[in-house]
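Heads up, the thing below is written out as structure tokens.
The model shown is predicted, which means the values in this text are computed figures rather than measured ones.
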Amino acid sequence: MISPELAARIRRLHFAEHWKVGTICSELSVHHDTVRRALTLERVSGTGVKSVRPTLLDAYKGFIQATLEAHPRLTAMRLFHMVKARGYVGGPLQVRRYVRTVRPTSRAEAFLRRSTLAGEEAQVDWGHFGTLSVGNTRRPLCCFVMVLGHSRALYARFFLDMTLESFLRGHVLAFQALGGVPRALLYDNLKSVVLERAGDAIRFHPRLLELAGHYHFAPKPCAPYRGNEKGKVERTIRYLRDSFFAARTFSGVDDLNAQAARWAAEVAHARQLPGDVTGRTVATALEEERPRLLPLPAHPFPTDVVRPVASGKTPYVRFDSNDYSIPHTLVKKPLTLVASETRVRVLDGSQEVASHPRCFEKGRTLEQPGHLAALADAKARAHELRGRDLLRASCQQAEGFLAALAQRDVSLSHHTAQLLKLLTLHGARALDEALAEALRKGAVSAPAVAHLLEQRARRQRQPPPLTVVLPDDPRIAASRTRPHSLADYDRLLNKDSADDDSTR
């Protein structure tokens, strides 16, 4: 960088004294480029204003300045593409350098302090506090926070999700804890509050409107990207995070909520009211504000999850990644599931047909013993009836034999199972003859029939039947084999007999 004094001396020696460049370099001990740089400077006027050479960007500088005034945060590359589309043929470097000199400086925005009348407004928001292990599952740990704008009294409750039902349940519990309802609730633009927004035109969630109509408050979403409008609840969440949650141990979400309630009463409401010079506490201000709150209705707003469900082939309905059992007679029938924080109920119309404790793990199966016992009994009964039908279809004497068994007041299922085994081992014809003989002799029982079949086999010198025992592999049990013809073996047997006769 050439100092103004050195540049002026070089120019005087060259233009006034007519010294050559080399002479000036030797006299002043400077480089030739330094001398030439000083000599190429344009002559300046008495005002000190330098003349600037024209550039390719000159025609677009006005457009760039006007665009930056309307959009101060627009990037230099975006401006480069905009002027390039308008005919600029230079590179982006000139645009960057010029934008750096003309971009409007950002100004710190000032905000008015919002004062709230007693009972007039409360602010609501969610706070995220990491995750919590529930059995085999990691659940998000979220905190619903409501703060009264006048007294700064707060209500905080932790949930394992941020569903609409938990959001509504937080309102109901907060109104009960605070002893009334503020006339307006200020929200961020949550999906549980605002479904769609175009400027001041807002489409609220219908369930939130039902809640507002039940408690008579007005929902008010703050402007987009204006978190400062609900700064009280934002600061309360930070206060809750630093003063309560930090380094705290708890056994579960219920224990955490119990500790939060004690902390709110003993610490948060016992502190001095922010911005108050009289020394009042938050608890004192809450007692003064409570008469100004709207009274609670006679009945709380219902916040249970209500949805239609239907089971598949098995007697279970799925909710929150878990399966809950139902009576087997209601399989594939449309039902209604009602879930609270603690119970999951299934209704058939208005009649409750199942009730389970709610599980916040995932992949679990919750069953009522009565549901499974009824299904097992029905399956056993159906199996027994199918066995009797098979006996009747295979043996003509089965009908009379089963009727005689029924008159003896014995277990039909036990005798039917034994008769089915005999049918498999000896065949339908042999079993039918044994049943007829047992009826003639008055020996009406499955063991008697088995004894008759064994006697018949010994008389005919038949080998004893062998029970086929298959492995537990379901692929083997489900396999099918095709019987092959044994005629070749019969021919071999006949040939051997003929050979024996010829040798005698």
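In this structure, Phe250 and Phe245 have tilted ring planes: the angle between them lies in the 30° to 60° band.
In this structure, Arg241 fails the cation-pi test against Phe244, since its NZ or CZ atom is not both closer than 6.0 Å to the six-membered ring centre and inside 45 degrees of the ring normal.
At a cut-off of 3.5 Å, with distance as the only test, no side-chain donor of Tyr324 or Gln368 sits close to an acceptor on the other residue. Checking Glu210 against Tyr215 by side-chain atom types alone, no donor-acceptor pair falls below 3.5 Å. With 3.5 Å as the limit, one finds no donor-acceptor pair spanning the side chains of Gln272 and Arg280. Side-chain atoms of Tyr60 and Gln65 form no donor-acceptor pair, as typed in the model, at a separation below 3.5 Å. His415 and Gln418 form no side-chain donor-acceptor contact under 3.5 Å, judged by distance and modelled atom types alone.
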Per-pair distances, 0.1 Å, donor-acceptor, side chain in residues 124-138, under 3.5 Å, sequence neighbours excluded:
| residue | atom | partner | partner atom | Å |
| --- | --- | --- | --- | --- |
| Asp125 | OD2 | Lys230 | NZ | 2.8 |
| Thr131 | OG1 | Arg138 | NE | 3.4 |
| Thr131 | OG1 | Arg138 | NH2 | 2.5 |
| Ser133 | OG | Arg138 | NH1 | 2.2 |
| Asn136 | ND2 | Lys362 | O | 3.3 |
| Thr137 | OG1 | Lys362 | N | 2.9 |

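Separation of the Tyr187 and His171 ring centroids falls under the 6.0 Å cut-off. Aromatic pair Trp263/Phe158: ring centres not closer than 6.0 Å.
A salt bridge is defined here as a Lys NZ or Arg NE, NH1 or NH2 lying under 4.0 Å from an Asp or Glu carboxylate O, and Lys333 with Asp348 meets this definition. A salt bridge is absent between Asp320 and Arg364; no separation between the charged side-chain nitrogens and carboxylate oxygens falls under 4.0 Å. Salt bridge absent: Glu289 and Arg292 never bring a charged side-chain N and a carboxylate O closer than 4.0 Å. A salt bridge links Arg157 to Glu341: one of the charged nitrogens lies within less than 4.0 Å of a carboxylate oxygen.
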>> Checking Ser166 against Asp161 for the side-chain hydrogen bond (donor to acceptor under 3.5 Å, both in side chains) test, could you report, in this order, the C-alpha distance in whole Å, the side-chain angles of both residues, the deciding distance, and whether it holds?
In response: CA-CA 7 Å; Ser166 296; Asp161 54 40; 2.5 Å; yes

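Evaluated for a side chain to side chain contact (heavy atoms under 4.5 Å, CB included) with Thr303, the options Leu168, Leu211, Leu173 yield exactly one hit, Leu168.
Annotation for Ile202 and Pro221: closest pair CD1-CG, 3.9 Å, computed over non-hydrogen atoms. Shown here for Phe144 and Ala174, the closest heavy-atom pair between the two residues is CE2-CB, 4.2 Å.
The closest donor-acceptor contact from the side chain of Arg271 to the backbone of Ala268 lies under 3.5 Å. The closest donor-acceptor contact from the side chain of Asp255 to the backbone of Gly252 lies at 3.5 Å or more, if one exists at all.
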